[in-house]
Each structure stands twice: as structure tokens, then as C-alpha cells.
There are 2 protein chains.
Amino acid sequence: MASSDPVYLRVVADIRRQIVDGSLPPGAPIPSRAQLTRKYGVGETAARHALRVLTSEGLIVGRVGSGHYVRARPVLLPLHRWRFHDPYAPLGSDITAQGARATWERRVERTEATPDIAQRLRLDGPAPVTRVRYVFRGDGRPVQLATSYEPADLGEPAAEENPRGLIARLAAFGVKVTEIVEQVYTRVPQPPESDVLALPTGVHVLHVERTHWAGDRPVETSDIVVPGDRFRLVYTHAVQP
Amino acid sequence: MASSDPVYLRVVADIRRQIVDGSLPPGAPIPSRAQLTRKYGVGETAARHALRVLTSEGLIVGRVGSGHYVRARPVLLPLHRWRFHDPYAPLGSDITAQGARATWERRVERTEATPDIAQRLRLDGPAPVTRVRYVFRGDGRPVQLATSYEPADLGEPAAEENPRGLIARLAAFGVKVTEIVEQVYTRVPQPPESDVLALPTGVHVLHVERTHWAGDRPVETSDIVVPGDRFRLVYTHAVQP
DNA sequence: GGCAGCGATTTGGAGCCCCAACTTTGCGAT
DNA sequence: ATCGCAAAGTTGGGGCTCCAAATCGCTGCC
């Protein structure tokens, strides 16, 4: 942190340090704009810019009329992604396990594969696919969005069916799921997501692209979107002896 | 997007929409501050605030003296986390597989377990632990940070040893790793990380907390930090018949 | 003692301005 | 035709101000 750095960064760095090393615990008040200008000898612009950066980093929250406060360490609810695949656990049991009431809705649609989805399912051209959109809620608050695509000729999922039903339905077609590949990365939430998941600005989402394979053929692909700072994806791998 | 929203959000929403729907492709120039004030009929403050928000979201980059541009869609290099465990693949082979030259450094230290680490390793009190810090590079650019902790009485890792060596070393103590549990979430990079990984502001990181279990006992825990928008973690799970 | 209401503070939106450093462009001279 | 340079445009830091809405503490009244 050279002294030639912009002054607002000096303020940001100093406050951030106090937050991460714990000398400013969650809930502690941050000096107001006016106090910061005096304390650090900076202008008001620098002071408010520093507060905005810290806010957009999710470290503090501002309450109009009151002040800025260190944000409560987000409750990192583990979401056991594995349960989603587990043929024995009911849908949403990862949420229930946290003591929250799990609910979910889904919408089944028949549509054409977009180029992106066609490529992921190794379909040639715009073949018909079944799209299922899920919203998972814990205690009524949405915690996870998922969109699943499968070739339409696999038959429609039954109304009350769990996603795991896919494996059973495929088995009826003589197709056995042998491998699941997931790609995880972060990105900025897109318009419908930030509304549905009620995301504050500055929060990124975890995007999971999952594909079920039967031999060398993909038979289902889905996108799972989770607020990245509130939930953990938990992966459990058994080590083969 | 009600009309009572702050005007800068109107600008943000409009530009963001054009970026995500592709009418502003990667590399396309964003109107300058002066142009935005004219185009949207807003003040300069609102225009620059809008650009700052979009920048902190990682959607655009500003080049001093030139302008703001839609950020090149990040090259999402898959990082096969699984390779990290694979006893047959050499360390860094996930990076090599992308056509990049993989290098890595590590620093081995003996230290006291912090309360957090002691809890993760189920140690009572501040027991001595071995801490190993890794920096992984692809073509010289850092792509991943990792910090590994294990109880000190397991013996020091050999100088050229791969992380997988842990499993072999544990076997020598009669301890067999049976399960690996990983928790994945996003967070804001902390001071040393943003420097080492050369992260622009607004980029979040993927944080992976991994613990190796031998029966019901944790024998190693590590924190892996990856720039969340540039790399994908890839998980491959074989489905048991 | 309890409570209502007023005034001081605070955030967040918005406007305008100045300046240094850098890039781009176009003009003019060779 | 090419080169160099100056002017214009652009970002990013920083400053100052005004205002609406919300909050909080304190004072004074009942």
C-alpha cells in the first residue's frame, strides 16, 4: 500500500483490515462520512467513495439515517449438492437438514434446444427438448434456481417426480447414467435472477453446469444458480481403496 | 424497473441488458461519460456512477484516455479439481491439459493451529500443525492459491512431493483416507490474494474448503482460492451402479 | 415517570467543477 | 508519403454543494 495510492483506497484498506482481523466485529458501526473526513483528513468525496467500495464488497451495510455497520458474517448454509443426485434422499432434504422448511416449484416446458444447449447435449441442430425450471425455497425465501434440459424423446417427467426420477426414467429406456460432470464458476446475476433470489447489489452467484452422461452420450444438462456468499455447495467424494 | 428508481440504475440496467443479450459484444465501446449525459439526459455524477457499477460488476473495463469497453468474455479454463486428488496424474496436469505451462511453488511452515483450523481438524487447543502454501501458475500467471494444514505429527512433506503424497504418507502411519469433503462458496478477495492473483476490482473468488477424512477423523484441511470468473472447477463423479 | 415531538445526524441520490495522465486523431511540415 | 506533434477527448481522483428520507437522541410537556 504505497503512499501514492489514491486516498480513498487508504481509507478502504484501513477499515477492511479492521474488519477482517476482527477488531471491528459484525454489527460494529463505521465512522460516518463527516467523521471519516476528519479522521483521515480526506474530502467528503473520498470518504463516501470508500464507504461505497466497502459496501459493494459486501463488508458493510448502510442504513439511511443511522450509519454504516459491519455486515453480519453471512450464514453460510451448506447445500449438499450431492443430495440432489442421491437416489435415496428426497428433493430439498439439504435445505430441511438446516432446520428450514423446504418447498419447491417447477415449470415443465417443451421447447427447441438453443445452440448452446444443443451443443451441451450433443444434439445436431434445434431438436426438441424438455425444459424444467425449478425454484427451491427454504422457509419461503428462494435459495436456488435450476433449469434442466433433456431430449424430449425421453418422455415427460411425472408431476410429483423428483429430479432423481431422471435416472429411473432413463433406466426404462435402457439408458444407464454412468457419470455426472459439473462445472462451477462465479458470475454476475442476470436480471431475472437478482429479482427472484432477492440479491443485493455486489453479490455474485455460483453457477453450476451439470451434465449427466450415459456412456459417452449426455442425456441431461442443467444450470443451477445459487447466491454465492450465502450458501456453500458441499461435495463429498468417497476415496476408492 | 420502476420509473422512480435512481436514474443511474436506469443507465446501468439499459447497458447491462445490451451486454447480456449480446447487442454489445465483447470489446464494443461503451459511450463516454459526456455521451451518456447527453444520451440519457442525466448529470455527470449519475453517468460515472453507472460506469463504476458496471465496472465493479466486471461487465466492462475502463482504459484511461481511451474509453470503457465490454469486457472480453473471460476465458473459462476448466480446472479439474479431481486431478488434484488423482494419484496417477502429476500436480498441475489440469493446467497443462489447457496447453499452458504449469509451474508451482510452495512454502512449508510449522506453526500453531488457529482456533478455526483446530476446529476443522478436530484438534483440542493450539496443537502444532504443518502449513503448506502453494501458488500454482499457468504460463507464469498465477491461477490458484492453496493453503494446506495437517497435524504436525504426520511428518514433513518431502521437497518435491505432490499433494497426493499425503495419502501415501498417511498410509505409512496406518491411516487410510476414505473420504474427501469440499465446501465451495464465493467471497471477496482479501488483500494478499488480489495482489498475488492480479485480480481487477469487482472480481470475486471461489473458495474451496477441503478436508481429507480417515474414517471419522479429519487428517488434512486446505483452502483453495481461484479467480471465480476466469476458471471453472470441474467435478467428475462416477455413478455407482 | 412516561411519552410525544422536534431538531440534529446520517445515508444516498444528484449536480457541477477542476485536474493529471493517458490515448487517439488529425493536421501540418518535411 | 510519412513522420512528429499538438489538440481534443477520455478516464479516474478529488472537491464542494444541495436535498429528501430516515433515524436517533434529547428536551420539555403532561
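Residue numbers start from 1 in every chain, and the chains themselves are labelled A, B, ... in the order their sequence lines are given, proteins ahead of strands.
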Quiz item: Of B:Ile30 and A:Gly43, whose nearest nucleotide on DNA chain D comes first from the 5' end?
Solution: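 Nearest-nucleotide comparison on DNA chain D picks B:Ile30.
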
Self-check item: Cation-pi, A:Tyr69 ring and A:Arg63 (6.0 angstrom, 45 degrees)
Solution: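 A:Arg63 over A:Tyr69 ring: yes.
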
Quiz item: Can you find a donor-acceptor pair, distance only, under 3.5 Å between A:Arg48 side chain and C:dG13 base?
Solution: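 Checked by distance alone, the answer is yes.
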
Practice problem: Test for a donor-acceptor pair under 3.5 Å between the base of D:dG12 and the side chain of B:Arg63, counting only N and O atoms. | Solution: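 Check fails, no donor-acceptor contact within cut-off.
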
Quiz item: Any idea which heavy atoms bring A:Tyr149 and A:Asp223 closest together, and the distance?
Solution: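 It is CE1-OD2, 4.0 Å.
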
Practice problem: Identify whether any heavy atom of A:Thr45 sits under 4.0 Å from a base atom; if not, whether one sits that close to sugar-phosphate; answer base, sugar-phosphate or nothing. | Solution: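 Touches a base.
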
Quiz item: Base, sugar-phosphate alone, or nothing: which one does B:Arg52 contact when heavy atoms must sit under 4.0 Å apart?
Solution: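 If one applies the 4.0 Å heavy-atom cut-off, B:Arg52 turns out to touch nothing in the nucleic acid.
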
Look at the side-chain N and O atoms of [X] and state whether any lies under 4.0 Å from the OP1 or OP2 oxygen of [N].
{"X": "B:His68", "N": "D:dT10", "answer": "no"}
{"X": "B:Tyr8", "N": "C:dG13", "answer": "yes"}
{"X": "B:His49", "N": "C:dG15", "answer": "no"}
{"X": "A:Ser32", "N": "C:dT10", "answer": "yes"}

What's the [atom1]-[atom2] distance between [X] and [N], to the nearest Å?
{"X": "B:Tyr69", "N": "C:dT24", "atom1": "OH", "atom2": "P", "result": "6 Å"}
{"X": "B:Leu51", "N": "C:dA14", "atom1": "CG", "atom2": "C1'", "result": "16 Å"}
{"X": "A:Arg33", "N": "C:dA8", "atom1": "CZ", "atom2": "P", "result": "18 Å"}
{"X": "A:Glu44", "N": "C:dC16", "atom1": "CD", "atom2": "P", "result": "18 Å"}
{"X": "A:Leu36", "N": "D:dG14", "atom1": "CG", "atom2": "P", "result": "14 Å"}

Measure from the side-chain heavy atoms of [X] and tell me the nearest of [options].
{"X": "A:Ser66", "options": "D:dG13, D:dC24, D:dT17", "answer": "D:dC24"}
{"X": "A:Ala46", "options": "C:dG12, C:dT10, D:dG15", "answer": "D:dG15"}
{"X": "B:Val64", "options": "C:dA14, C:dT11, C:dC22", "answer": "C:dC22"}

Quiz item: Quick one: are B:Thr55 and B:Val61 in side-chain contact, heavy atoms under 4.5 Å?
Solution: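 A side-chain contact is absent here, since even the closest heavy-atom pair is not under 4.5 Å.
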
Quiz item: Side-chain contact, heavy-atom cut-off 4.5 Å: B:Arg33 with B:Leu51?
Solution: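 In contact.
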
Self-check item: Donor-acceptor pair between A:Arg120 and A:Thr221 side chains, under 3.5 angstrom
Solution: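 Side-chain D/A pair, A:Arg120 to A:Thr221: present.
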
